[in-house]
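Some notes on the structure that comes next.
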Amino acid sequence: MKAILPVILRKRESDARLSHLIHDRERCEIASPDVFFTPSKRRRSPTNNKRDRNLDNDDFDFGASNGKRLCRNVIIHGFCKFQDKGCEFNHENEKSFVLPQLETPRNTTVSAGSIHAPVFVPKYTSQQDLVSIMPILSSVPSRSASFSQFALAPSYIPNYQQTMIPNNSSDPYYFVNNANPQYHKYQPTLPHVANLSTHHRVAQSFSIPDNLREKLLKRNEASILTVSGKLEEKVGNYMSQNDIARERGLPEQVHVYHSLYPLEEKPGKILGHSSWVYKAICRTSGKHYTMVRVEGFRLVNEKAMSIVKQWRKIKHANIVAVREAFTTRAFGDSSLVFVYDYHPCSITLAEAYFSPQAQALLHARFQAAGINGMPVPETTLWSFITQIASAIKTIHGKGLAVRTIEPSKILMTGKNRLRLNCAGLYDLIQFDHIAQNTPIYQQEDLLSFGKLIITLACHSTQSSINLPQSFEYLTRFYTPDVKNVALYLLSKPTHTKSIDHVFNYADSLETNLGRELENGRITKLLSKLGFINERPEFDQDPRWSETGDRYMIKLFRDYMFHQVNEMGVPVTDMSHIITCLNKLDVGVDEKILLTSRDEQTSIIVSYKELKTCIHAAFQDII
Ligand SMILES: Nc1ncnc2c1ncn2[C@@H]1O[C@H](COP(=O)(O)OP(=O)(O)OP(=O)(O)O)[C@@H](O)[C@H]1O
């Protein structure tokens with residue numbers, strides 16, 4: 001495994017190199033891999049002197065070819081934007097660039113063709129220190145039994161490998177994630193909770209429960225999925241979003257929506273037309289939406305679009321909100337596109353109860369429990385009934401009809417949380433029949449609702465064909481109220497109490513919870529930094545001195561908290577702190593420039609190295 005070790009340069013000797021760094025830094029925050037340069041007042045150890053001698057000899061010829069040094073942009077990014085624009089360095093990058101191996105940190109000899117720059121080797125005192133600088137991505141975090149809550153938390157996305165895009169790509173800072181987050185690596189609840197004294201609390205009790213966090217994280221992950229990311233996993237190399245879109249037959253952009261991601265593998269059917277469902281991002285708002293596309297649709301009556309306005313006015317906790325509808329030729333045909341709110345990780349009632357997997361699961365559950373019947377517990381069934389009834393009441397109240405009360409058009413967007421999907425779609429497709437037929441459609445809604453209850457209760461899509469047998473089943477396993485409601489719906493309309501506001505409140509609570517999701521982790525990291533920074537025990541420790549490998553932690557603290565603007569006024573930007581802590585927590589490869597207060601020392605270091613260093617420092621005090 002190759003590892004990048006900090007490289008130390010003396011300021012007086014490296015003016016030429018610095019100018020090169022600055023030339024890079026104009027384009028980005030990071031100019032060079034792990035360059036560590038200190039002023040001449042830097043303390044010298046025998047090792048340093050030796051290193052300096054190497055520096056004197058070899059300082060300016062690393063990667064030299066034809067008398068020129070290898071361009072740092074080629075080393076870091078694989079190419080140099082300024083190659084044909086006057087950059088004076090060598091751009092022949094066919095030669096392999098070999099960095100010193102981590103396992104032999106004091107061996108500064110490098111193989112032919114590799115960089116000849118002097119290598120700064122941190123003075124690790126123990127084997128443990130050496131191990132601790134192993135790249136985080138491949139290491140398993142070790143924890144102390146008593147202070148596991150402060151141990152280096154498993155990375156937020158622990159096993160993500162980051163792959164650089166090839167040389168010819170335009171964005172050198174683009175990384176692609178290849179693996180999925182491993183949720184099981186989240187810090188588990190300690191097994192000995194019961195043994196704690198009453199006044200003790202485990203660290204986990206200050207954070208949100210694991211399963212809730214996992215659910216919210218999965219939703220976030222589903223939202224950011226892209227076709228390119230998915231394909232990347234399969235083929236393992238870089239393809240541009242355009243290439244992939246073309247490959248999948250998807251347009252790069254439809255109206256103001258881009259980054260289309262199919263939510264189903266096969267097309268469905270809506271009133272005889274083939275239909276597709278995609279997730280997409282809106283260019284104007286940056287939000288995710290669901291696009292339902294009806295293939296081969298021709299809009300005959302322009303007034304039909306007016307029905308969408310009426311649907312847009314409906315805001316209900318159990319209806320997937322309509323955003324807009326339009327026709328487009330972006331897919332190569334004449335398609336109708338309906339745009340709805342996107343609810344990540346949702347499935348239809350049909351998928352939840354009637355897919356082969358769901359049936360098999362249910363069957364296994366019944367066999368294990370030795371029970372017969374009740375695939376949907378009565379309390380859950382009542383919850384479904386009240387939610388759907390509430391949605392129907394609102395839609396009918398606006399003079400419209402649902403027309404899509406069937407298991408494949410009702411989404412489960414959370415635990416037992418239902419929302420009617422595809423609102424308004426049928427009305428637009430069959431606009432000409434709407435005006436005179438709405439009362440009939442409303443009656444049909446109630447009928448469909450009654451059928452849905454029987455279908456769920458009997459756990460059979462055929463249950464409405466033989467109603468007497470289905471009612472007999474209902475009578476056996478459910479209270480008479482369920483049967484009465486079903487009977488009532490199948491005969492004449494009904495009114496139910498609105499529970500709308502209850503669900504809206506739950507929605508806002510969940511949204512707020514999602515915002516605070518990672519606070520626990522950040523607090524732990526901050527506590528850890530607080531424990532190690534400015535510790536009197538470390539006062540005499542050379543590793544915390546200007547030339548020590550832990551000096552970067554001090555500088556990082558200043559970088560996070562003690563920055564001032566050009567007027568000398570302290571910068572108190574919370575987003576900067578949160579961004580820094582998040583990157584540190586994950587241990588990303590991104591590099592930052594840290595500068596000492598006297599501006600005499602600058603270090604370029606990655607968050608990954610900082611994370612390792614902080615972990616090692618914390619291990620020293622526990
Ligand atoms: N608003 C939405 N938010 C998030 N995901 C959605 C949304 N609408 C649909 N989906 C996803 O798209 C998938 C397909 O939806 P669709 O309405 O086509 O259901 P379906 O079961 O495939 O019906 P059909 O067989 O009639 O096509 C659903 O399983 C669901 O996961």
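Atoms within a ligand are numbered from 1 in the order they appear, just like the ligands themselves. In this chain, residues are counted from 1 in sequence order.
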Give a yes or no on whether a salt bridge exists between R293 and D333, defined as a side-chain N under 4.0 angstrom from a carboxylate O.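 So R293 pairs with D333 through a salt bridge.
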Tabulating one pair per line, provide the atom names and distances (0.1 Å) for every N/O atom of ligand 1 that is less than 3.5 Å from a protein N/O atom.
unit_1, atom_1, unit_2, atom_2, d
ligand 1, 1 (N), T290, OG1, 3.2
ligand 1, 1 (N), D341, O, 2.9
ligand 1, 3 (N), T290, OG1, 3.2
ligand 1, 3 (N), H343, N, 3.0
ligand 1, 5 (N), S346, OG, 3.3
ligand 1, 8 (N), N421, ND2, 3.1
ligand 1, 18 (O), E264, OE1, 3.1
ligand 1, 22 (O), E264, OE1, 2.9
ligand 1, 23 (O), K409, NZ, 3.3
ligand 1, 26 (O), K409, NZ, 2.7
ligand 1, 29 (O), E351, OE1, 2.7
ligand 1, 29 (O), E351, OE2, 2.8
ligand 1, 31 (O), S346, O, 2.8

Aromatic ring proximity F471/Y473, centre distance under 6.0 Å: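 Judged by ring-centre distance (under 6.0 Å), F471 and Y473 do not meet the cut-off.
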Please examine the side chains of Y441 and V402, heavy atoms only from C-beta on, and report whether any two atoms are closer than 4.5 Å.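 Heavy-atom side-chain distance check fails, nothing below 4.5 Å.
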Tell me whether the rings of F326 and Y257 are parallel (<30°), tilted (30 to 60°) or perpendicular (>60°). parallel
Do the rings of W276 and Y278 sit parallel, tilted or perpendicular, given the 30° and 60° boundaries?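 Rings of W276 and Y278: parallel, under 30°.
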Applying salt bridge (Lys or Arg N to Asp or Glu O under 4.0 Å) as the test, list every pair that has at least one member in residues 273-289; sequence neighbours left out.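 Every pair satisfying salt bridge (Lys or Arg N to Asp or Glu O under 4.0 Å) with a residue in residues 273-289: there are none.
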